[in-house]
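Sequence positions, counted from 1, serve as the residue numbers for this chain.
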Amino acid sequence: MKKVFTAIVALALVFSFGNANACTNFLITKGASADGSCMISYAADSHVLYGELYHYPATDWPAGAMLDVYDWDGGMFRGQIPQVAHTYNVVGNMNEWQLAIGETTYGGLESLYEGQGIIDYGSLIYITLQRAKTAREAIKTMGELVANFGYVSEGESFSIADTEEVWILEMIGKGPQNKGAVWVARRIPDGYVSGHANQARITTFPLAKKNKTSITFKQIDKLFKDKNIDCVYADDVISFAKEMKLYNGPDDKFSFSDVYNPVDFSGARFCDLRVWAMFNKVTDNMTDYWGYATGRDIKRVQPYTAGMCQTPDNFPTNRMPLWVLPNKKVSVLDMMDFMRDHLEGTELDMAQDVGAGPFHCPYRWRPMEFDVNGQTYIHERTTATQQTGFSFVAQCRGYYDWPVGGIIWFGVDDTDNTVYCPMYTCMTEIPECFREGNGSMSEWSETSAFWTFNQMSNWAYTKYDYIHPEIRKRQRELETKWVESVVPALDKRVFGIKGREAQVKELTNFSCTSANELCEMWKRFYHELFMKYMDGNVNTAQPAQPGQKYTPIKSEHPKYSDEYYQILIEKTGDKYKEY
């Protein structure tokens with residue numbers, strides 16, 4: 001999501017401002033997944049983003065048709081581009097061909113903002129999803145769109161997955177005087193996992209002149225069909241940096257991230273630390289990168305100063321790898337849990353300090369940055385955060401053809417308190433609870449999943465130790481049932497239905513029914529938990545005696561934690577002492 005500040009300014013400031021957003025993506029290749037699917041996850045985090053499921057129906061367009069382009073964040077009309085003859089069905093960030101695209105905004109150098117043109121990062125994603133079938137087609141389409149119509153967003157990292165491959169593409173504009181963008185795309189090696197979270201991650205990359213697996217954008221039509229190609233980049237990605245006096249060094253030492261988005265304390269602590277948390281769950285030796293990921297020890301041969309012309313000596317020498325080899329295969333349930341991390345098990349777990357309050361809530365309200373006695377301090381930015389609009393896990397199941405293969409597991413609000421519901425990407429209708437226009441950030445809707453889940457999560461924050469475990473239990477029961485029994489049974493049943501139209505109808509009905517029933521069930525669940533934990537009590541129904549008119553309630557009054565009482569007395573002295 002878009003960030004309205006420069007990377008040179010401390011990244012913490014982004015979380016204080018109105019439209020400032022920050023997202024998290026994890027990328028799982030086919031060989032690294034438990035079922036042989038490619039997967040990406042995405043949390044669209046913003047204090048003002050309303051969670052809903054976008055839909056672009058497959059359409060045939062007449063010759064000469066034009067497409068209106070709107071800025072995704074603000075909804076402002078930017079211009080028109082020629083429409084293609086046929087566009088594909090898109091559900092959220094995944095299309096009917098099982099192509100999925102996610103993003104995180106890293107901002108980058110302020111001098112490269114506000115480029116000429118009409119394509120922003122959101123329109124780039126959704127136009128591409130309507131026009132491309134594979135990850136490679138998507139990279140080609142994205143390169144052509146920004147070259148032909150300009151790029152007007154800040155620096156952006158994109159996750160691009162299909163049934164066979166997963167790529168990361170990082171892009172930044174060329175500033176007010178120039179049209180287009182510079183970018184690099186790298187294929188994640190099969191069997192590996194990757195991630196990005198608002199800090200550019202591609203450093204050095206193989207150059208086309210020296211490596212047969214790398215090509216420039218000019219070669220894309222001729223060579224990109226070669227499956228050995230694992231890197232493609234804008235022809236001027238290095239020469240432009242030198243022309244703008246952003247880099248002074250040999251081409252083979254050029255680092256995209258370190259030139260266009262130099263990492264500092266904020267980029268490591270608030271951004272790469274989220275990637276570290278996922279890597280730490282799947283592979284060994286991540287403690288080697290703890291100093292870097294916390295921003296406490298970013299090693300450089302020479303110091304970095306904002307605005308200076310970069311050389312390889314200014315690049316950090318201890319950055320995390322772009323991808324790692326997991327110790328075990330990653331399941332779709334694992335992916336859901338990666339999105340729910342609060343840095344548990346580390347010294348930075350916010351549930352374990354005084355800021356968590358008496359019920360150990362792992363969340364902190366914004367702003368993230370605060371001063372005490374002239375010293376600046378921070379709250380942690382974890383993967384799970386209260387301001388998520390929507391999130392998903394896209395599962396590209398290449399072992400199933402259209403219309404069954406693609407599933408986008410979709411949820412709204414805080415990832416740790418949501419339930420990921422299976423939406424088949426062939427569906428021709430969006431469930432009412434996720435439908436665009438059903439409520440907004442300023443309009444309540446009783447049938448909106450966004451408001452239903454926000455009610456629950458905000459209630460959980462008040463007595464987290466008690467309420468969240470109940471949410472977690474129900475959440476995992478539902479997701480596990482869908483993943484392990486309901487979806488596999490539906491897949492088999494649909495293959496027995498004659499006719500593609502009838503199959504699509506069945507999958508659409510299932511997706512809509514599942515989401516709407518989930519929303520209604522969650523609303524009832526909220527009512528149950530509200531009554532149970534009302535007024536700080538724990539109220540439980542008791543067996544009624546014969547002839548008893550009302551169900552008896554046992555009301556317990558759990559005390560605050562011992563450490564909270566200790567802190568209270570340390571701060572208040574004898575004020576509350578009993579004499």
Side-chain angles (χ1 to χ4, degrees), residues 27 29 31 106 108-109 112 134-144 146-147 155-160 164-172 174 178 180-194 196 199-263 299-302 304 309-325:
L27 302 81
T29 59
Y106 59 79
L109 301 179
L112 302 182
T134 68
R136 292 178 184 238
E137 285 185 18
I139 293 167
K140 180 177 182 293
T141 300
M142 294 167 82
E144 290 173 343
V146 297
E156 198 79 25
S157 297
F158 298 94
S159 302
I160 308 172
E164 299 297 324
E165 299 178 335
V166 182
W167 290 71
I168 178 172
L169 184 154
E170 297 195 321
M171 175 180 291
I172 193 167
K174 296 182 176 182
N178 302 285
V182 288
W183 53 272
V184 178
R186 299 208 65 182
R187 178 165 57 89
I188 311 302
D190 192 39
Y192 286 73
V193 304
S194 186
H196 53 91
Q199 170 63 50
R201 298 262 293 127
I202 297 176
T203 55
T204 57
F205 52 92
L207 300 181
K209 290 182 180 180
K210 297 182 178 181
N211 195 302
K212 293 182 179 180
T213 65
S214 186
I215 60 173
T216 67
F217 186 56
K218 285 182 180 179
Q219 300 170 303
I220 202 164
D221 286 322
K222 181 179 180 182
L223 298 176
F224 209 23
K225 292 181 181 179
D226 181 352
K227 290 300 182 181
N228 291 317
I229 298 298
D230 56 19
C231 179
V232 59
Y233 55 91
D235 298 74
D236 59 347
V237 66
I238 300 175
S239 61
F240 178 77
K242 291 183 173 181
E243 177 186 338
M244 299 296 290
K245 294 181 170 51
L246 302 174
Y247 176 68
N248 180 20
D251 287 3
D252 61 355
K253 299 292 185 180
F254 177 82
S255 165
F256 183 92
S257 172
D258 293 309
V259 171
Y260 290 118
N261 183 215
V263 68
K299 299 181 185 298
R300 289 183 167 94
V301 175
Q302 295 180 0
Y304 163 74
C309 185
Q310 296 292 292
T311 71
D313 285 342
N314 301 127
F315 301 161
T317 59
N318 61 334
R319 291 193 66 170
M320 295 188 301
L322 180 56
W323 48 67
V324 297
L325 182 68

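- With rounding to the nearest 0.5 angstrom, the CG atom of L246 is 13.0 Å from the CD1 atom of I238.
- Once rounded to the nearest 0.5 Å, the distance linking CG of D252 with OG1 of T204 reads 9.0 Å.
- With hydrogens and angles disregarded, no donor-acceptor distance shorter than 3.5 Å links the side chain of N211 to the backbone of P206.
- A donor-acceptor distance shorter than 3.5 angstrom exists from the side chain of D190 to the backbone of G31, with no hydrogens or angles considered.
- Taking CD1 of I215 as the start and CG of N228 as the end, the distance is 11.5 Å to the nearest 0.5 Å.
- In this structure the side chain of V184 never reaches within 4.5 angstrom of the side chain of F254, judged on heavy atoms.
- Scanning both residues, V259 and A241, for their nearest heavy atoms gives CG1-CB, 4.0 Å.
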Salt bridge (Lys or Arg N to Asp or Glu O under 4.0 Å) assessment of D251 paired with K209: CA-CA 11 Å; D251 287 3; K209 290 182 180 180; over 6 Å; no
Side chain to side chain contact (heavy atoms under 4.5 Å, CB included) evaluation trace for I188 with V193: CA-CA 7 Å; I188 311 302; V193 304; over 6 Å; no
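- Contact record, P262 with L109: CD-CD2, 3.9 Å, taken as the closest heavy-atom pair.
- A salt bridge does not link K212 with D226: none of the charged nitrogens is closer than 4.0 Å to a carboxylate oxygen.
- R300 contributes a side-chain N or O that, together with a main-chain N or O of N314, makes up a donor-acceptor pair within less than 3.5 Å.
- A 4.5 Å side-chain heavy-atom check between K174 and D236 finds at least one atom pair inside the cut-off.
- Side-chain contact between V166 and S194 is absent, with no heavy atoms from C-beta onward closer than 4.5 Å.
- Residues N261 and E170 have side chains not in contact (no heavy-atom distance under 4.5 Å, counting atoms from C-beta outward).
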Check against side chain to side chain contact (heavy atoms under 4.5 Å, CB included), R136 and R187: CA-CA 10 Å; R136 292 178 184 238; R187 178 165 57 89; 3.7 Å; yes
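- For the pair K140 and F224, the cation-pi test (distance below 6.0 Å, angle within 45°) is failed.
- Looking only at distances, a side-chain donor or acceptor of R201 sits under 3.5 Å from a matching main-chain atom of P321.
- Considering CE of M142 and CD of E156, their distance stands at 8.5 Å, rounded to 0.5 Å.
- A 4.5 Å side-chain heavy-atom check between F315 and K253 finds every atom pair outside the cut-off.
- Annotation: side chain of E165 is in contact with side chain of K227 (closest heavy-atom distance under 4.5 Å).
- Rounding to the nearest 0.5 angstrom, the gap separating the CD1 atom in I172 from the OG atom in S157 is 10.0 Å.
- Screening F256, W183, F217 against V237 for a side-chain contact (heavy atoms from CB on, under 4.5 Å) leaves a single residue, F256.
- In this structure, OG1 on T213 lies 4.0 Å from CG on D230, to the nearest 0.5 angstrom.
- No side-chain heavy atom of S255 sits less than 4.5 Å from a side-chain heavy atom of Q310.
- Put simply, the side chain of Q219 gets close to the backbone of T216: a donor and an acceptor are under 3.5 Å apart.
- Using the six-membered ring where Trp is involved, Y233 and F205 have ring planes that are tilted, between 30° and 60° apart.
- Residues V182 and L112 have side chains not in contact (no heavy-atom distance under 4.5 Å, counting atoms from C-beta outward).
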